[in-house]
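To keep things clear, I will list the structure first and then write my remarks on it.
No experiment lies behind these values; they were computed from the predicted model shown.
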Amino acid sequence: MSSQKLKRVVLKEEMVAVTGNAVSGLILNQMVYWTEILNASDQEILKDIENNKS
């Protein structure tokens, strides 16, 4: 038996309600998640740029 780490996915009911099915809901959830990660990263980059201007 392999000692591979198990992966889990959260399926939010509201995403299923918006999309109409579970697979599309999971895809939408991932898109929202990565959008939030990228926005946070962009904010950090902008802070660094502002701090280096001084």
Item to check | Side-chain donor/acceptor of Asn29 to backbone N/O of Gly25, under 3.5 Å | outcome: no

Checklist entry - How long is the gap from CG on Leu38 to OH on Tyr33, to the nearest 0.5 Å? => result 10.0 Å

Next on the checklist: Between Val9 and Leu11, is there shared hydrophobic-cluster membership here, with clusters defined by ILVMFWY side-chain heavy atoms closer than 4.5 Å?
Outcome noted: yes

Next on the checklist: Using 0.5 Å steps for rounding, measure from the CD1 atom of Ile49 to the CG atom of Asn51.
Outcome noted: 10.5 Å

Next on the checklist: Measuring only between side-chain heavy atoms, which start at C-beta, is Ile27 closer than 4.5 Å to Met15?
Outcome noted: no

Item to check | Minimal non-hydrogen separation, Val16 against Ala22, with atom names | outcome: CG2-CA, 4.1 Å

Item to check | Straight-line distance of Gln43 CD to Asp48 CG, nearest 0.5 Å | outcome: 11.5 Å

Next on the checklist: Tell me whether Ser41 contacts the main-chain N or O of Ile37 through its side chain, where contact means a donor paired with an acceptor under 3.5 Å.
Outcome noted: no

Next on the checklist: Does this structure show an ion pair linking Lys47 with Glu44, if we count only N-O contacts that are shorter than 4.0 Å?
Outcome noted: yes

Item to check | Residue Glu14 excluded, over 12 heavy atoms near CD under 6.0 Å | outcome: yes

Checklist entry - Closest heavy-atom contact between Leu26 and Val10? => result CD2-O, 3.8 Å

